[in-house]
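Accompanying notes for the structure given below.
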Amino acid sequence: MKQSDNNFEFLVEYITTRVVEWIIRDQAVGLEEALLLFHNSEIFEKLCEKRTGLYIESPAYIYELLTEELRRGTLRGMSE
């Protein structure tokens, strides 16, 4: 595996960890629900696409984008 691939994976994991921590704190949910919430978001999908460049943004920026997505109600695959 190339170093750039390692960096990409590390950054995605780092951002995911921070965003999930903030979801738990702000939404008062457990780890599993926070992970499901983030992993089922359009933002997470785009974060995992190297070509979007989101992996080089700060976790706070990604969380802001997720918060906007949640506010708009555009999460895919989630049911009440």
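This is a predicted model, so every value here is computed, not measured.
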If you measure from [atom1] on [X] to [atom2] on [Y], what distance do you get to the nearest 0.5 Å?
| X | Y | atom1 | atom2 | result |
| --- | --- | --- | --- | --- |
| Q27 | E33 | CD | CD | 8.5 Å |
| L65 | F44 | CG | CZ | 14.5 Å |
| L37 | N40 | CG | CG | 8.0 Å |
| E64 | T67 | CD | OG1 | 7.5 Å |
| H39 | C48 | NE2 | SG | 7.0 Å |
| L70 | I23 | CG | CD1 | 7.0 Å |

- Message: Quick check against the 3.5 Å criterion: does T52 have a side-chain atom that pairs as donor or acceptor with the backbone of L47?
- Response: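 Answer holds: no.
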
With heavy-atom distances below 4.5 Å as the criterion, would you say the side chains of [X] and [Y] are in contact?
| X | Y | answer |
| --- | --- | --- |
| F10 | D5 | no |
| V12 | T16 | yes |
| Y63 | I15 | no |

N/O donor to acceptor pairs below 3.5 angstrom from side-chain atoms of residues 53-61, sequence neighbours left out:
from	atom 1	to	atom 2	distance (Å)
S58	OG	Y61	N	3.1

- Message: Looking at every heavy atom in both I24 and V29, which two are closest together, and how far apart are they?
- Response: CG2-O, 3.4 Å

- Message: Applying side-chain hydrogen bond (donor to acceptor under 3.5 Å, both in side chains), can you list everything that pairs with R51, at least two apart in sequence or on another chain?
- Response: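 R51: side-chain hydrogen bond (donor to acceptor under 3.5 Å, both in side chains) contacts with E49.
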
- Query: So does R72 pair up with E69, basic N to acidic O under 4.0 Å?
  - Reply: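 Between E69 and R72 there is no salt bridge, as every charged N stays at least 4.0 Å from the carboxylate O atoms.
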
- Item | Summary of salt bridge (charged side-chain N to carboxylate O under 4.0 Å, His left out) pairs that have at least one residue in residues 11-20, sequence neighbours excluded | R18-E21

